There are 2 protein chains.
Amino acid sequence: MKTMHKEHTLTKNQQIIFDLIDKSSEPMKAYAILFNVQKKGIKAPLQVYRALDKLVEIGKIHKIESRNAFIACHNSSCQVAKATAFSICEICEKVTEISSAGLSKYLANFKDKDGMKYSKYNLEFFGLCKKCR
Amino acid sequence: MKTMHKEHTLTKNQQIIFDLIDKSSEPMKAYAILFNVQKKGIKAPLQVYRALDKLVEIGKIHKIESRNAFIACHNSSCQVAKATAFSICEICEKVTEISSAGLSKYLANFKDKDGMKYSKYNLEFFGLCKKCR
DNA sequence: AACACTATGTAATAATATAACATATATTAG
DNA sequence: CTAATATATGTTATATTATTACATAGTGTT
């Protein structure tokens, strides 16, 4: 069975920028992206930010808020940018998307003191990765 | 020998900036802080950022990463900036620190696929607050 | 007093992100 | 098909957030 996700055909700029982020081994910052795609005709910050906004919205990439950087989503179970969790190494800055059914279930069902549930969350764990320990 | 747990007496700038954030009903941004404390002699962004860094480090305030803003810690059980959770209203931008023993326990003990535990985390929930629903 | 450490003051600049406006392309309704 | 609507692009300028570099001052320890 195929994915339930709606198919989003990316536009030219979105595709260029997604491809770059997707093949990067680490989160990319907006101006690093800009520098890399200038040879492809994307000249201005706003062109990059617009594509990034859209890609985040449709869940193709995620923003690592504590780093102002973007990574491709490699987690088919993540609910289109609504429920994200990452581990971040404080030495080498390696970022990995966490895919844990238990964690997502726990957080999706979490209610605060007032019994309020939330439609969206972002979780960032910090520590040392295997190599840096 | 001195005590192991150093008492963090705030310096002049730190105290001025902490007081401002502490009495604010909403998260404050660095340049809003700067504007507010200029009459007290703090003139430059760096003076603000240095105080903010220190206050975050000692756990008196927290940074809301998705908003680039700072709020005072009102959660005596939060482990000095090591384990933070917030709810954020996407309409009115009200931010509340979440104090849930269950949540902190779950996250503090969370292990990823490789069995790795993390020394620190930050969680931001998004949704609509009571008033905005 | 000498030392190390932390905090402060100041100017300049780097890095991140958006506003405003014009044009073009794609999608949908009639 | 064509007009209307919505979405995407191009471009310039500017706003917002944060740091580098260097000089000075205060604090605590030996």
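In this text, all values refer to a predicted model and were calculated from it rather than measured experimentally.
Between the CD atom of Q47(A) and the CD1 atom of I16(A) there is a distance of 9.5 Å, given to the nearest 0.5 Å. Between the CG atom of L123(B) and the OH atom of Y106(B) there is a distance of 12.0 Å, given to the nearest 0.5 Å.
Under the 3.5 Å distance criterion, the side-chain polar atoms of S87(A) are left unmatched by any main-chain donor or acceptor of D112(B).
Distance, E57(A) CD to dT7(D) C1': 11 Å, rounded to whole Å. Protein atom NZ of K12(B) is 11 Å distant from nucleotide atom C1' of dA7(C), rounded to whole Å. Between the CD1 atom of I58(B) and the P atom of dT6(C) there is a distance of 14 Å, rounded to whole Å. Rounded to whole Å, the distance from CD1 on I42(A) to P on dT11(D) is 12 Å. The CD1-C1' distance, from I33(A) to dA15(C), rounds to 14 Å in whole Å. Between L10(A) atom CG and dT9(D) atom P there is a gap of 10 Å when expressed in whole angstrom units. Across the protein-nucleic acid pair, K29(B) atom NZ and dT16(C) atom P stand 15 Å apart, rounded to whole Å. In this structure, L34(A) places its CG atom 16 Å from P of dA14(C), rounding to the nearest Å.
A salt bridge does not link K120(B) with E124(A): every distance from a Lys NZ or Arg NE/NH1/NH2 to an Asp or Glu carboxylate oxygen is 4.0 Å or more. Between E26(B) and K94(B), no side-chain nitrogen of the basic residue sits less than 4.0 Å from a carboxylate oxygen of the acidic one, so the salt-bridge criterion is not met.
Taking the salt bridge (charged side-chain N to carboxylate O under 4.0 Å, His left out) definition, one finds that K60(B) meets it with nothing, sequence neighbours left out.
Here K43(A) reaches the OP1 or OP2 of dT11(D): one of its side-chain N or O atoms lies under 4.0 Å away. Side-chain nitrogen and oxygen atoms of Q47(B) include none within less than 4.0 Å of the OP1 or OP2 phosphate oxygen of dT8(C).
Remark: aromatic rings of F125(B) and F110(A) are close, center separation under 6.0 Å.
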At under 4.0 Å between heavy atoms, how does the protein contact nucleotides 17-27 of chain C? Give one character per nucleotide, 5' to 3', with B, S or -. BBBB-------
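In this structure, the nucleotide among dT9(D), dG10(D), dT8(C) sitting nearest to the side chain of T11(B) is dT8(C).
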